[in-house]
Structure formats: structure tokens, C-alpha cells
Amino acid sequence: MPAWAYIVPIWLGLGFIVGALCFIAFGPQPMARPIGAIWLVMDAGFVFVCVRALRGRKDEEKIREHGVRATATLLGAKTTGAFVNTMPQWKFRLRIDGNGPSYETTLLVLTFNPPENGAAVDVRVDPQRKEHVVLAGADGDIPVIQPHAPDATPAQAQANQSGMTATANPDGSVTYTSK
């Protein structure tokens with residue numbers, strides 16, 4: 001998700017905080033103070049959550065750029081029961097190879113179709129916290145492989161030759177699995 005998708009809600013939340021303060025100061029008394037205080041607390045919480053999400057995104061970008069390359073093998077996947085924009089969240093149990101001795105960790109992923117057990121994926125590992133793993137392509141970017149189509153672009157054709165299967169999701173995104 002682009003950074004502006006986090007920054008715009010932060011600015012909106014800050015604007016609402018200013019509005020809550022103005023309501024407390026100039027609103028109709030005696031209810032302005034308690035209602036404004038509730039409004040202020042809700043807006044401060046919203047800004048806090050957005051700032052944490054933006055910071056987490058930046059941490060993942062840093063790991064994607066400077067993390068240690070490794071290969072993750074999917075040992076198991078189960079849904080968490082949570083949904084984001086009707087897309088289910090999955091908890092992947094992964095075995096990480098290529099960053100010292102093999103070890104297991106988990107990763108939360110939003111997808112309609114998780115890969116099958118045994119699928120291998122490129123990841124980057126945080127050198128300080130080896131349980132912090134992010135998906136990454138061979139060049140360090142988020143792995144994106146285009147769906148298979150008869151009129152495929154060169155990138156799509158390369159993806160199809162690499163042994164990946166693409167599944168188009170109802171929201172327009174694509175889920176890729178190893179063959």
C-alpha cells in the first residue's frame with residue numbers, strides 16, 4: 001500500500017483533533033466538554049493507529065531493502081478469521097532456510113488462495129530479529145508475478161515459465177502459488 005494511504009488519514013485525524021478542541025472551547029455548554037473530550041480521545045486513537053501502521057510499513061520496507069535473503073517453505077496455513085476488505089487473513093507457518101540454521105516462524109498474509117504446503121518463497125529476514133520475516137522477490141521487491149494469459153507481457157511470460165500459477169481474486173489482486 002502506498003505511503004499516502006497512511007499519511008492522508010493521519011492529516012485528517014489531526015484536523016478532527018483541532019475540530020474537537022474548537023468544539024470543547026466554543027461549543028454549546030454544558031455538553032460541549034464531555035462530547036468534545038470523547039471526540040478528542042477517539043481522534044487521538046485513530047491518529048495513533050495510523051502512525052503505528054505507517055511505521056510498521058517503513059520497517060518492512062527497510063527489511064525488504066537491507067534484510068538477509070532466505071527461502072521460506074510453507075509448512076502450513078490456516079485462516080485467522082479476520083478479514084480486510086473481504087479478503088481473509090492467513091497465518092503461514094514457515095521454515096526459513098539460508099539465514100543460519102533452519103528455524104520456524106509465522107507470517108500473517110492477506111490472500112484468497114494460499115499456496116500449497118511445501119511451496120517455496122523468497123523472503124528477507126531482519127538481522128536483529130530473525131522471526132521478523134517479509135516476503136521479497138529475488139531483487140528485494142515485493143514479489144509480483146502477472147497472471148497467465150494468452151496475450152501475456154514479457155514479465156507475465158517469465159512468471160509463467162518460473163513455475164508459478166496465478167489466480168485472479170475478486171478484488172483485482174492476484175495470488176501466486178508454486179507449481
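Values in this document were obtained by computation on a predicted structure and should not be read as measured data.
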V41: partners by side chain to side chain contact (heavy atoms under 4.5 Å, CB included), with sequence neighbours left out: none
Cluster check V133, V68: I/L/V/M/F/W/Y, side chain < 4.5 angstrom: no
Connected via hydrophobic side-chain network under 4.5 Å: V49 and I7: no
Nearest-0.5 Å distance, NZ of residue K62 to CZ of residue R57: 13.5 Å
By side-chain hydrogen bond (donor to acceptor under 3.5 Å, both in side chains) - contacts of D97 (at least two apart): R95, S102
L21 and L40: CA distance, side-chain angles, deciding distance, side-chain contact (heavy atoms from CB on, under 4.5 Å) verdict: CA-CA 7 Å; L21 292 172; L40 184 66; 4.0 Å; yes
Exercise: identify the closest heavy-atom pair between R124 and E65: NH1-O, 3.9 Å
F48, CZ atom: more than 12 neighbouring heavy atoms under 6.0 Å: no
Quick one: side chains of residues 71-82, donor-acceptor pairs under 3.5 Å with protein atoms, not counting sequence neighbours, listed by atom name and distance.
unit_1	atom_1	unit_2	atom_2	d
T79	OG1	G81	N	3.4
T79	OG1	Q89	O	3.3
T80	OG1	A82	N	3.2
T80	OG1	Q89	O	3.3
T80	OG1	Q89	OE1	3.0

Sequence neighbours excluded - salt bridge (Lys or Arg N to Asp or Glu O under 4.0 Å) pairs with any residue from residues 102-114: R93-E104
Exercise: identify the closest heavy-atom pair between V47 and L14: CG2-N, 3.8 Å
side-chain hydrogen bond (donor to acceptor under 3.5 Å, both in side chains) pairs, two or more places apart, involving residues 27-39: W39-D43
Cluster check F46, L54: I/L/V/M/F/W/Y, side chain < 4.5 angstrom: no
CG on L108 to CZ on F92, rounded to 0.5 Å: 9.5 Å
R129 and D126, any side-chain heavy atoms less than 4.5 Å apart: yes
Shared hydrophobic cluster for M31 and I38 (ILVMFWY, side-chain gaps under 4.5 Å): no
Over all atoms of both residues, closest heavy-atom pair of Y103 and V125: OH-CG1, 3.3 Å
Connected via hydrophobic side-chain network under 4.5 Å: I63 and L107: no
Student check: side-chain heavy atoms of C50 and Y6 closer than 4.5 Å: no
Main-chain N/O of L135 paired with R64 side-chain donor or acceptor, under 3.5 Å: yes
Euclidean distance, L110 CG relative to M87 CE, rounded to 0.5 Å: 6.5 Å
Listed once per pair and sorted, the salt bridge (Lys or Arg N to Asp or Glu O under 4.0 Å) pairs that draw on residues 105-115, sequence neighbours left out: none
Heavy atoms of other groups near F23 CZ, more than 12 under 6.0 Å: yes
